[in-house]
Amino acid sequence: YENKVIGWIRVSRSISPTVDTLKKIKIIIFITTPLFIFFATLSSLFLARRALAPIDSVTKTASEIEKGDLSRRIKIPIANDEIGRLARTFNKMIARLEDTFNREKRFTSDASHELRTPITIISAKAEAALTKSKKIEDYRKALKVIIRETKRVSFLLSQLLLLARSDEGKSILNIEKIDLKMIIESIIIEMNDKAKQKNIRLSLTSEQNLVIKADQTFIIMLFLNIIENSIKYNKKGGLINICFYKEDNNAKVIIEDNGIGISDENLIHVFDRFYRVSESRSDKGSGLGLSIVKEIVETHKGQIKIDSKLGKGTKFEVSLPVNL
Ligand SMILES: Nc1ncnc2c1ncn2[C@@H]1O[C@H](COP(=O)(O)OP(=O)(O)OP(=O)(O)O)[C@@H](O)[C@H]1O
Ligand SMILES: [Mg+2]
């Protein structure tokens, strides 16, 4: 009273209910925490399994493919997530591998078939000549066939080697300055005998010189193959006209003939290796010429177009960069 303490009041209460509650909470925590940890571990294991299952399947298929079955594909998961994209990319890669592998296999079997034919002829002719004694004239005939077929084998081998070399890409090119006019003129001179036999006229209508940077051996092979075809697949008394000009930074060479032509369904295949048009073609060939032409143009970063009408004639348009 008036700032003086006059007495104390003490209030107390039992804490036993609080202690009880705390004990209960302790028990609950003791039981639920391990349970919670247990279920959490279980469910995270389950989720991880589920998430990793597609990767597991990718690995499994990949190891099967590695053992040699290139036709297998990875099952693509429905979701378009990272794994789905991985599987798709993987499948594309295997498809490409399978395609290359099959082409390589076909090429090898075609090549060995092409080589086997002349070799069989050579050995059969030689054996037949040796069985009984014959007239000198018979031996001469046999030897002529043997020489012809040997030439075929050696030509085929050189074409195959060229293809194998060009498969390695641009690095094998021996680039130098070459004069297109001089090269085409020399090919025309070389082909003149063959053309004369069929009374075919070969003409070059471009006057100016055109210098480009390219591999001379390949460029000669390129135009030799196209011009040889326009003589081979031409009628008696046919015409072949060659001209070239510069357009932008490209040299364009046009080779046009009025020969037997190619039908539309065959036209799309003429650049395939070993493809030959069967109808009305009696001339021998391996079907490698135009695939070599295409490889050469591509390794020079150029372009080639073909236009043809059955019975009317064929036109090739080759475009090569002036400065490779
Ligand atoms: N100028 C052309 N006129 C008509 N047909 C052609 C002409 N050039 C090519 N062809 C057709 O295209 C096919 C493929 O030509 P390609 O030069 O690749 O092979 P090939 O001449 O048969 O054999 P190779 O050139 O290897 O001796 C030929 O078989 C021929 O039928
Ligand atoms: Mg040819």
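Whatever order the structure lists ligands and atoms in, that order sets their numbers, starting from 1. Every value quoted in this text rests on a predicted model; they were computed, and no experiment measured them.
The pair E228-K194 counts as a salt bridge, with a side-chain nitrogen and a carboxylate oxygen less than 4.0 angstrom apart. In this structure, E295 pairs ionically with R273, as a charged nitrogen and a carboxylate oxygen lie closer than 4.0 Å. We find that K67 and E64 are not joined by a salt bridge, their nearest charged nitrogen and carboxylate oxygen being 4.0 Å or further apart. Note on E98 versus R72: no salt bridge recorded, every NZ/NE/NH1/NH2 to OD/OE distance being 4.0 Å or above.
Taking distance alone, with nitrogen or oxygen atoms compared against 3.5 Å, G289 approaches ligand 1 more closely than that limit. Residue Y233 has at least one N or O atom closer than 3.5 Å to an N or O atom of ligand 1. Residue L288 has at least one N or O atom closer than 3.5 Å to an N or O atom of ligand 1. The N/O atoms of N229, backbone and side chain alike, include one that comes under 3.5 Å of an N/O atom in ligand 1.
At least one N, O or S atom of N229, from either the backbone or the side chain, sits less than 2.8 Å from the Mg ion (ligand 2).
For the residues K232, K294, R276, R152, the heavy atom positioned nearest atom 27 (O) of ligand 1 is part of K232.
At a cut-off of 3.5 Å, with distance as the only test, no side-chain donor of D215 or N174 sits close to an acceptor on the other residue. With 3.5 Å as the limit, one finds no donor-acceptor pair spanning the side chains of H269 and N266.
Under the 4.5 Å side-chain criterion, counting only non-hydrogen atoms from C-beta, M191 is in contact with L202.
Neither the backbone nor the side chain of F271 has any atom closer than 4.0 Å to an atom of ligand 1 (non-hydrogen atoms only). Residue contacts with ligand 1, taken as heavy atom pairs separated by less than 4.0 Å, involve I262 solely via side-chain atoms from C-beta onward. When heavy-atom distances to ligand 1 are checked against a 4.0 Å cut-off, D257 comes that close only through its side chain, counted from C-beta outward. Contact annotation for L290 and ligand 1: heavy atoms of both the backbone and the side chain come within less than 4.0 Å of the ligand.
Among all heavy-atom pairs drawn from I187 and I220, the shortest one is CD1-O, 3.7 Å.
Residue contacts with ligand 1 include G287, since one of its heavy atoms falls under 4.0 Å from the ligand.
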